[in-house]
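Let me begin by presenting the structure, written as structure tokens, before commenting on it.
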Amino acid sequence: MTASTLTAPATLPDIDPDLAPQNTSATRLASAPEAVTLEKVNKWYGAFHVLRDVDLTVRRGERIVICGPSGSGKSTLIRCINRLEEHQAGRIVVDGIELTNDLKRIDEIRREVGMVFQHFNLFPHLTVLENCTLAPIWVKKMPKAEAEAVAMRYLTRVKIPNQAAKYPGQLSGGQQQRVAIARSLCMSPKIMLFDEPTSALDPEMVKEVLDTMVGLADEGMTMLCVTHEMGFARQVADRVIFMDEGQIVESNTPEAFFRAPQHERTKLFLSQILH
Amino acid sequence: MTASTLTAPATLPDIDPDLAPQNTSATRLASAPEAVTLEKVNKWYGAFHVLRDVDLTVRRGERIVICGPSGSGKSTLIRCINRLEEHQAGRIVVDGIELTNDLKRIDEIRREVGMVFQHFNLFPHLTVLENCTLAPIWVKKMPKAEAEAVAMRYLTRVKIPNQAAKYPGQLSGGQQQRVAIARSLCMSPKIMLFDEPTSALDPEMVKEVLDTMVGLADEGMTMLCVTHEMGFARQVADRVIFMDEGQIVESNTPEAFFRAPQHERTKLFLSQILH
Amino acid sequence: QATLTSIKQKGYIACGSNPGLAGFGVPDAQGRWAGLDVDFCRALSAAIFNDAGKVRFIPLSAKDRFTALQSGEVDILSRNTTWSMSRDTTLGLDFPAINFYDGQGFMVKKKLGVTSAKQLEGASVCTQQGTTTELNLADYFRANKLKYEVVAFASADETFKAYDSGRCDAFTTDASGLYAERLRASAPDDNIVLPEIISKEPLGPAVRQGDAQWSDVVRWTHYAMLNAEEAGITQGNADQMLKTSDNPDVKRILGTEGKYGADLGLTGDWAYRIIKLVGNYGEVFEKNVGQGSPLKIQRGLNALWSKGGLQYGPPIR
Amino acid sequence: MSNPIPAEARAAPRVSPLYDPRIRAAAYQILLLLAVGLAAWAAVGNAAENLRNARVASGFGFLGNTAGFDVNQTLIPFAAANSTYGTAFLVGLTNTLMVAVIGIVLATLLGFTVGVARLSPNWIVARLAGVYVETLRNIPLLLQLLFWYVAVLASLPAARDSYAFGSSVFLNQRGLYVPRPMLAADAWAIPAAFGLGLAAALAFAARARREQARSGRRLPVWSVGIGLVAGLPLAAWGVLALSGAAPLSFEVPVKGTFNLRGGMQLYPEFVALVLGLTVYTAAFIAEVVRSGIQAVSRGQSEAARALGLKPGPTLRLVVIPQAMRVIVPPLTSQYLNLTKNSSLAVAIGYPDLVQVFMGTVLNQTGQAVEVVAITMAVYLTISLLTAFVMNVYNRRVALVER
Amino acid sequence: MTAGPQTLPLSFVRRDAVPPAPAPALVSGPLAWLRANLFSSPGNAALTLIALAIVVLVAPPLLRFLVVDAVWSGQNRDACRPEVVGHPVGACWAFVADKINYFVYGSYPIEERWRPNVFFALMALGVGWLLWLDAPRRDLGAAYFFVAFPVASFVLLSGVPALGLAKVPTSLWGGMLVTLVVSLVGIVASLPLGILLALGRRSRLPIVRLFCVIFIEFWRGVPLITVLFMANVMLPLFLPGDVSVDRLVRPLVGIALFSAAYMAEVVRGGLQAIPRGQAEGAMSLGLSPWHRMRLVILPQALRIVIPGIVNSFISLFKDTSLVSIVGIFDFIRTIESARVDPAWAAPTVVMTGYAFAALFYFVFCFGMSRYALFVERRLASGQKR
Ligand SMILES: Nc1ncnc2c1ncn2[C@@H]1O[C@H](COP(=O)(O)OP(=O)(O)OP(=O)(O)O)[C@@H](O)[C@H]1O
Ligand SMILES: Nc1ncnc2c1ncn2[C@@H]1O[C@H](COP(=O)(O)OP(=O)(O)OP(=O)(O)O)[C@@H](O)[C@H]1O
Ligand SMILES: [Mg+2]
Ligand SMILES: [Mg+2]
């Protein structure tokens, strides 16, 4: 809906909807173990019912794109999965561990789940390298040298190894977001969550971040991604989920989703997003 | 040069350069009395020569767009006309009154000349209505009821009568700029000065402000407008003036200006602005 | 816990002293203390430890002296404190002895031409707040139907400085203090002490109420010094007296007869130690405030009873 | 649209108590409560025992006892003979408040002047104000008070050789003496006329506002108002004087043996305290004012001037209302600081609350706990009241944002 | 086109560029500067004259007093008495020179004064390390300043007979030594305490929050001098009868608590300035609450509030002068007590003492406030480092 959304199709190669991406085959996933399970999850902010009976199963290796109008609860849903928000009813099971009030489990889960925020949330007082090694050293108790080696590997992976000694404030938005991704990867998470990772970026920088994410997807990372980059959804998603008013309204493979949306809301939404 | 500049052509209907706007005819203006006259105006900031021998005659009802690279002295020029800046050599005559150090005259001139700033400069501690009635009441000694009636008329004119009781902080940028225009109009100025009125606005809001300005222009207001909205220039300007290094480098009707810029600097500038 | 026991345990006496009153308690730039009140604490230390130096002096202003004693911060307050009934009864204090009979007086500038306190009608008087002085002053002027203006300061220092710089016409404190302070005036000889003594100011050490043993030690330390003076025992001749004197009074004082020291909780030679290490009352007086000092205060009321004064040491027997 | 939260939704699934954040939170808080409670209990117990051992009287009964000492500057009647410690407390409190109020008024005037001067386009004026602020801010108040008291006192003449200004104003080491105005019995007309003038001026101002709203014409509020407020009492005085009565007489200070007698006296302790507090706090207020004015962007006054408003109305209608929002909260805390700092009076012998109550009364009664508690409670009350009022003000003037 | 001869025709192209001309004399240059800054209007000119008058009235006498007529050497008051030296006498610096050791060390035993000297050096090292923003290993510096240095100073100054350092009771300490000790203890104790209080005030736990709010508001609501009185008079009362607290330590406790409350508000400002996203970022990496605070939030928050911390240190430093009122021989008290020495009774001695004290405090406080300003500017410009 913003400029970046509008320009996004231009920055990614348009994909012919008929030419299905190489790895959407549902068969590959049907047998995979469950990575995230949500059962009748409900959440309130005060008296406001944000999530209503959300059911969702994400299998290992699955890549899910979540979209929907502003305020529909996408961020909330994602944040519930690594317990940045608490849900009040229903079950959330992540990697076999149910999310309860148990602090120990929450810590375990957060170690397994990486998250990339819209506003990067890098630590401005640490260098890029220190940003990446902080959690491995203090949470995983990794030796510093090893943590740095790992960090450099992932920084290389997101193509900014030469920025390792800089501070986040010295990088462009796109570079910062790639650091944020590398930082998450350094904890070797099993699942990655993305909350509108490109919407705070200038249009020119969107592409480099999306490329990084495509690369991740190709390696088989389990991903839940809130985004309005429909080009990205078409290219990598196994499933696109549409949320409205705290409910999952529609869920389908990308080609089906974009070609023939079922629900009225979805149609309306897509008509605004695409043109 | 910024995003707003880039998107502007899209927000205003593109005008065929061959199809001259209905009121650019030089004949209409040639006979009109002079509203503003600048003769060999020079100004220095310290040792820096900002305005160099600027000559300019603006006739009543004429609409002039001033453009030029940053730092070329556009704002300074405009601000000299209502004596927000003092010039050091040359003459400036506004509405028949020469600008000297005589405070009384300056006050008179400021009453005749309205100004709209890039950053609106609304008074945040007053409601929209109070913003508009302040000067009529205190400068024109208008009764309050009358001032409010006038203000409501102009607020209606800029299409925000229903925001009258709000505070500026509660309005969007575009609404704020329209209030600023209404506030100037409430003093029934003979001449309006605009200093980049849209460059601090989000792209969606540019259009509503430009529409308001187009409306003003259609009513025959004398206008001097610093702007990079070339769509606006084409649509309403009688003349486009290009400034560089404190000098007027080129001056022409919009169609001639855009179609066939003469000076090297102008060509370079236009090639950057348009694409 | 008994104070004497705790002192012996600690190994020193915590002595609340005046932060700076010449002749009574004043430290020099190296922190060495001198004065009548200070020497009294030394006498105690001599009696207890056979060493006059096991004293820690804790300078206390008029304002915080009583709380310091109440809270146990000091073992004894030896700081020209007036014994008054209300202090004795409501503050939880005991005044075992009076080591200086004093009275409140006035000091004025010579050039005012004032010769009597009765002429102070309309004068400004500087005094230290929180003292009996402040109360006596109010009483005196009220009784004599004189108007005056009081200017009170927190510390003796400030009070005197204000007087000296001309803020007040008169400065009032205990007469001994007047002499001591006069030394610090920018021109000491320009000030005179008026003859009137407007109050009784029996000054002496104070201890916490309810520790009879410690009270006794303090009381008899003073009396031992008085008795020594009366018996003619001095720092210089104490050793000799110890060996040669047959006078039973002297022998009792010096501990060669009787076991009075033990009854106090001290050693038999407790009084000998005091005299040997500190001196008798007369010696201490003259050295600190009398003719041997710049103060040159007459013995007056503080002369032995036998010489017409009030200092009367009950017999040691 | 939004369902209420079901009760069972709150029932969390089984959690090991060791890692349940709710249990942890409760545990931390109980621990803290216990620790603080224990400390308080021990302190109170110790105090009680210490006091019992020391046989010190306790309770607030002492406030009713006769004080027995004098205080030289009182706003309420106080005499050694029959006033109580309670009255002494009131004397201290009123003296503190008087210094605070006068200090606040003067510091505000001086502070605003210096703050505006710091922004003056005049280079030397701005520099001078800067030097003032930087110097005064960086020297301890205590030192400044001592300086004003001791150094200035020392440079004034003794009472006998007072500087005389005319025949009725004198300055010497005991302070400044001015004639005391004495109203005659029938002079009630003068204050009455003053009140009348004030009321009339206010009424005129209100009418002027209505008139401006109605016709746009502005009436000369200031000149008429001042005329009314000052003129009516003068007229009343004139009438009385003409009719032969002497409505107003002055008790002129005359030289006595030691001091001047009669008249009104400003004590040097008071003058030094007010001067020190004013000069010191004004430096801080100047900074507050400067940042407040600077917080109003140049664009605001430019916009006002572009609308044709003259410099006066620009300042009054646009700049000051906006600057005040920024200025008032830190200004209030400076006022509070001044009030609290007035307790330094104790160093120069001005009988404020701390000096009279925490000084003399505490020493005469020995009841430290009660006296200290009362004193602190007084200051705390002043602070909290001010903070409360400030919060209300802040909420009222907060700029409305989206 | 009816445009006048000099005015612009409708269609115009500049062929010859106008070169920049030097400004007329009234626009730039010293004359213009004078006009713009001093005499831009009659009112302004009047102000200039008034200001000049003030300068002329104040500066020369001040200079004369402090420098020209000052006496720089002498043994006693005769050096500074005009009737003795025969000309007007300004500041009596000879007095300061004579008493300087007293002003610096108080009554600290002469043969032990190397200990305060070492203490001053250690302090300078720690302060320099902490304040120099680009110094290496500033974390070590902090550890040194907040842990090693206080312990070392305590051992050094008060002495441990076992180590061969004779005990020096605090009643002998004095002068600048005490002023510095008091303010250092204030800052060293108040910073950690202030951080704790600030965290507590932002805690989700209502009771913790309540305690912290009450604590902070209490100390901020009462004058320091009543706090000092309380510490002096009442602290011993609240302790068991046989525990006694050193007389210097008591005001230290009062000052530490008092400044901790102010420090807490400064730190809270810094904590509030850290966006929520930082905590969330740390959370999503699995960092525990403690690590989150220590590694992510506090380092950023404290960096932001360095100017605030320095400013509250300035207030603290000035406020330490109040301990003289409760009978501690700090710098001001030594000046006060030296100035009544009859040996130095001369008319300008009092002023000289105060001038010296003012100079001392001014140099420290002004230096620190400049430093705070420098850090602030650097923080403002250095979002990119
Ligand atoms: N802390 C909160 N307290 C109360 N309401 C909240 C809170 N956070 C979010 N909400 C509300 O919950 C709803 C869902 O928010 P959420 O951020 O999940 O939406 P979203 O789908 O991510 O929207 P967007 O596309 O704008 O990011 C919104 O209406 C929002 O206003
Ligand atoms: N108050 C001032 N003092 C000194 N120099 C100034 C001042 N105001 C402007 N200038 C300088 O004068 C020149 C012209 O400024 P002006 O604001 O008129 O340019 P402009 O054409 O409006 O540029 P922009 O498009 O950036 O607004 C610039 O180089 C600017 O730096
Ligand atoms: Mg969201
Ligand atoms: Mg401009």
Side-chain angles (χ1 to χ4, degrees), chain A residues 75 78-79 81-85 103-127 130-141 165-172 176 179-180 182-189 191-195 200, chain E residues 130 132-142 195 203-205 208 267 269-309 375-385:
Chain A
S75 300
I78 269 211
R79 292 159 59 89
I81 293 176
N82 72 346
R83 195 64 165 199
L84 288 180
E85 305 283 351
L103 290 175
K104 221 177 171 75
R105 290 195 188 172
I106 295 174
D107 282 347
E108 266 172 51
I109 286 175
R110 285 193 184 144
R111 241 170 285 166
E112 303 297 335
V113 179
M115 176 136 182
V116 175
F117 300 84
Q118 180 180 9
H119 292 287
F120 332 144
N121 295 346
L122 292 178
F123 306 132
H125 61 300
L126 302 179
T127 62
E130 286 165 348
N131 261 284
C132 293
T133 56
L134 187 77
I137 290 177
W138 292 95
V139 178
K140 285 201 162 176
K141 318 264 182 270
K166 288 197 183 162
Y167 285 88
Q170 297 167 301
L171 304 184
S172 74
Q176 289 192 47
V179 173
R183 182 176 72 175
S184 286
L185 292 178
C186 285
M187 288 293 286
S188 329
I191 302 161
M192 287 285 285
L193 308 176
F194 294 85
D195 191 0
Chain E
L130 271 192
W132 181 26
L133 291 180
D134 302 324
R137 294 310 306 271
R138 287 178 73 222
D139 49 340
L140 262 188
I195 292 174
S203 162
R204 284 175 297 109
L205 312 180
V208 174
V267 173
L271 290 175
Q272 266 166 357
I274 306 300
R276 223 184 107 69
Q278 289 294 313
E280 287 184 349
M283 243 189 261
S284 73
L285 288 173
L287 288 167
S288 68
W290 156 246
H291 282 150
R292 216 145 67 210
M293 201 35 87
R294 190 168 77 85
L295 301 172
V296 177
I297 308 295
L298 272 184
Q300 296 186 53
L302 290 184
R303 195 169 305 205
I304 298 178
V305 296
I306 287 178
I309 292 175
V375 174
E376 213 164 333
R377 295 226 173 102
R378 185 152 141 177
L379 284 178
S381 72
Q383 215 48 307
K384 294 194 185 297
R385 307 211 317 163

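Distance alone, capped at 3.5 Å, places no donor-acceptor pair between the E:His291 side chain and the A:Leu134 backbone.
Within the model, atoms OG of E:Ser284 and CE of A:Met187 stand 9.5 Å from one another, a figure rounded to the nearest 0.5 Å. Of the inter-residue distances, the one linking A:Arg79 atom CZ with E:Glu280 atom CD reads 3.5 Å to the nearest 0.5 angstrom. Rounded to the nearest 0.5 Å, atoms CH2 (A:Trp138) and CG (E:Leu287) are 10.0 Å apart.
Ranked by non-hydrogen atom pairs under 4.5 Å with chain A, the options E:Ser288, E:Pro289, E:Gly281 are led by E:Gly281. Ranking A:Asp107, A:Leu122, A:Leu193 against chain E, the residue ahead of the rest is A:Leu122, based on heavy-atom pairs under 4.5 Å. For the set A:Phe117, A:Phe120, A:Phe123, the entry with the most heavy-atom pairs within less than 4.5 Å of chain E is A:Phe123.
Taking A:Ala182 as the reference, A:Cys132, A:Tyr154, A:Leu155, A:Val158 meet the side-chain contact (heavy atoms from CB on, under 4.5 Å) condition, with sequence neighbours excluded. Remark: E:Arg204 engages no residue in a side-chain contact (heavy atoms from CB on, under 4.5 Å) (not counting sequence neighbours).
For the pair E:Leu285/A:Arg110, no side-chain contact is recorded, criterion being any heavy-atom separation below 4.5 Å from C-beta on. Side-chain contact check for A:Pro124 versus E:Gln278: some heavy-atom pair is nearer than 4.5 Å.
Heavy-atom distances place both the backbone and the side chain of E:Ala282 under 4.5 Å from chain A.
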